[in-house]
Amino acid sequence: MFPTLRRLYGTIPEAAASARTASTPRAVRLRRARKGLDVGPLQSDATAEGLTPSEFARYQRALAKGELLQNDGSVLTEGQWLQRLNSRRSEIRGLWKREGQEPGEQEVEVVGQKVYLPNIIFKMVRNHTPAGQPYNPYEATFRVPQSVTKTDIRSYLVAVYGVQTTYIRTDNYQSPLRKRYGRPLGTITDRTYKRAVVGLVEPFYYPLAEEDMSGKERKERRQWLMERLLVGRRETDMQSYFLRMTRSLDGKGWKWRTGTTASRGNILRLIAERRSEREQAVADVKTRIRENRGQVVAETA
């Protein structure tokens, strides 16, 4: 058992709230801009109680309908309504809440079936950072299977890594169709995935970012990747294979013989031959000019 994990938007850092605002879908940002609710690039659009514009609109609608009226005649405040909303959002699949030993305390017990060695892959990638803007450490981007839901993502991150999330935005990427000879149209397996942008309460910096390294460190990192992980080895092997296949029919016994792929000695030899041909051509022209002059002089005499 462990204490309840709640993601209260009013208690997250200002930078995390700004990151949540920046991750709002473009259509929503345009709609808010037409209403005059747009903010700066590094500002948060939350109210003093921590409600986003969408949550504040929901609160106003519920207040107008009388849904926030309590039995004692009082009305839920914005903070109380947000706390109730977040408690419902924080529900994790397979967990059961019960009263704790202390009055007003809640404990959570795992009642669902535990899954060992799950067959789903969460691939963490770098966040999309527009040019001229700093990297956002309060967001994390994952590539997950299309069958995974937001509840699964939140439960997975909490159960496995203990990571608290503030919001999760997902979008699906469909692979382009590829036509192969003699086969019907098909998709590329690794090009079809679901992207999940997760808001974090604690900042996380992607390790070993090349843009944050010096020139020497960047060179050493690339050299380490080439030696240990064979990064770029496939391109080098493909170039070598292409050269072998184009130098001879069987790919055996090929040598560098042409001018563009010759050794230094062959290059110098070709330069000397071309220079000799040019000088010989100039000498032939001089000889022909002298002969023509001699004939003109003879005819005049």
Side-chain angles (χ1 to χ4, degrees), residues 12-26 29 40-44 120-146 148 153 156-158 160-176 178 187-247 254 256 260-264 267:
I12 63 177
E14 184 64 24
S18 302
R20 178 191 59 193
T21 302
S23 67
T24 306
R26 182 174 180 271
R29 294 199 303 268
L42 298 178
Q43 298 179 357
S44 173
I120 58 175
I121 298 177
F122 277 57
K123 181 180 179 181
M124 189 176 186
V125 297
R126 291 184 182 274
N127 298 334
H128 171 68
T129 304
Q133 295 187 12
Y135 188 83
N136 187 0
Y138 289 94
E139 276 187 358
T141 305
F142 298 91
R143 291 186 180 182
V144 300
Q146 291 185 311
V148 176
I153 296 174
Y156 180 87
L157 295 178
V158 170
V160 178
Y161 301 105
V163 176
Q164 300 185 42
T165 60
T166 56
Y167 59 87
I168 299 176
R169 309 189 193 281
T170 59
D171 45 13
N172 289 290
Y173 285 79
Q174 185 66 29
S175 167
R178 179 177 61 177
T187 59
I188 306 176
T189 305
D190 58 345
R191 299 287 183 86
T192 301
Y193 59 90
K194 175 185 288 187
R195 187 187 70 162
V197 179
V198 179
L200 305 176
V201 176
E202 300 294 335
F204 173 79
Y205 292 90
Y206 203 90
L208 299 177
E210 289 192 0
E211 56 270 16
D212 298 333
M213 297 181 181
S214 61
K216 182 179 179 180
E217 293 177 348
R218 189 180 300 111
K219 183 177 179 180
E220 293 177 354
R221 168 178 164 77
R222 294 178 179 176
Q223 184 67 23
W224 183 88
L225 291 175
M226 292 179 61
E227 294 177 355
R228 301 295 182 85
L229 304 180
L230 302 181
V231 174
R233 180 66 177 273
R234 180 177 180 274
E235 289 74 12
T236 305
D237 293 344
M238 289 295 296
Q239 292 178 1
S240 302
Y241 177 77
F242 177 76
L243 289 174
R244 287 200 305 271
M245 296 304 296
T246 53
R247 300 311 304 160
W254 59 279
W256 306 106
T260 57
T261 58
S263 62
R264 185 173 182 273
I267 293 175

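Heavy atoms only: backbone and side chains are in, while hydrogens, waters and symmetry mates are out.
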Subject >> Qualifying residue, where the test is side-chain contact (heavy atoms from CB on, under 4.5 Å) with F142 and the options are I121, V148, L157, I168 >> reply: L157
Original post:
Residues in side chain to side chain contact (heavy atoms under 4.5 Å, CB included) with L225, at least two apart?
Top reply: R221, L229, V231
**OP:** Applying side chain to side chain contact (heavy atoms under 4.5 Å, CB included), name anything that partners E202, two or more places apart in sequence or on another chain.
**Re:**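 E202: no side chain to side chain contact (heavy atoms under 4.5 Å, CB included) contacts found.
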For a 4.5 angstrom cut-off between non-hydrogen side-chain atoms, does [X] reach [Y]?
X	Y	result
P137	F204	no
V158	Q164	no
Q223	K219	no
V197	E139	yes

Subject >> Heavy-atom closest pair, residues K194 and N172 >> reply: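 So the minimum-distance heavy-atom pair works out to CE-OD1, 3.4 Å.
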Subject >> Non-hydrogen atoms of T21 and S44 that approach each other most closely >> reply: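 Nearest pair, atom of T21 first, then S44: OG1-CA, 3.5 Å.
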**OP:** For N136 and Y138, indicate whether the former's side chain and the latter's backbone hold a donor-acceptor pair under 3.5 Å.
**Re:**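 A pair under 3.5 Å: yes.
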Between [atom1] of [X] and [atom2] of [Y], what distance do you get to the nearest 0.5 Å?
X	Y	atom1	atom2	result
I153	T170	CD1	OG1	6.5 Å
T192	Q146	OG1	CD	6.0 Å
L200	T165	CG	OG1	8.0 Å

Original post:
Counting only heavy atoms not in R233, do more than 12 fall under 6.0 Å of its CZ?
Top reply: no
Subject >> Short side-chain donor-acceptor distance under 3.5 Å, Q239 and E235 >> reply: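 Looking only at side-chain atoms, Q239 and E235 do not form any donor-acceptor pair under 3.5 Å.
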**OP:** Show your working on side-chain contact (heavy atoms from CB on, under 4.5 Å) between T141 and R126 and close with a plain yes or no.
**Re:** CA-CA 6 Å; T141 305; R126 291 184 182 274; over 6 Å; no
**OP:** Quick one: which residue pairs count as a salt bridge (charged side-chain N to carboxylate O under 4.0 Å, His left out) with a foot in residues 160-174, not counting sequence neighbours?
**Re:** D171-R195
Original post:
Passes side-chain contact (heavy atoms from CB on, under 4.5 Å), R218 versus R222? Steps please.
Top reply: CA-CA 6 Å; R218 189 180 300 111; R222 294 178 179 176; 3.5 Å; yes
**OP:** List in chain and number order the residues that pass ring-ring contact (aromatic ring centres under 6.0 Å, His included) with Y173, two or more places apart in sequence or in another chain; answer none if no residue qualifies.
**Re:**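 With neighbours one apart ignored, the set is Y193.
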**OP:** Please list, chain by chain and in numerical order, all residues satisfying ring-ring contact (aromatic ring centres under 6.0 Å, His included) with F122, sequence neighbours excluded.
**Re:**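 Checked F122 against ring-ring contact (aromatic ring centres under 6.0 Å, His included); matches are Y156.
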**OP:** Name all residues meeting the side-chain hydrogen bond (donor to acceptor under 3.5 Å, both in side chains) criterion together with T24; count only those two or more places apart in sequence or in a different chain, and write none if there are none.
**Re:**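 Expected list: none.
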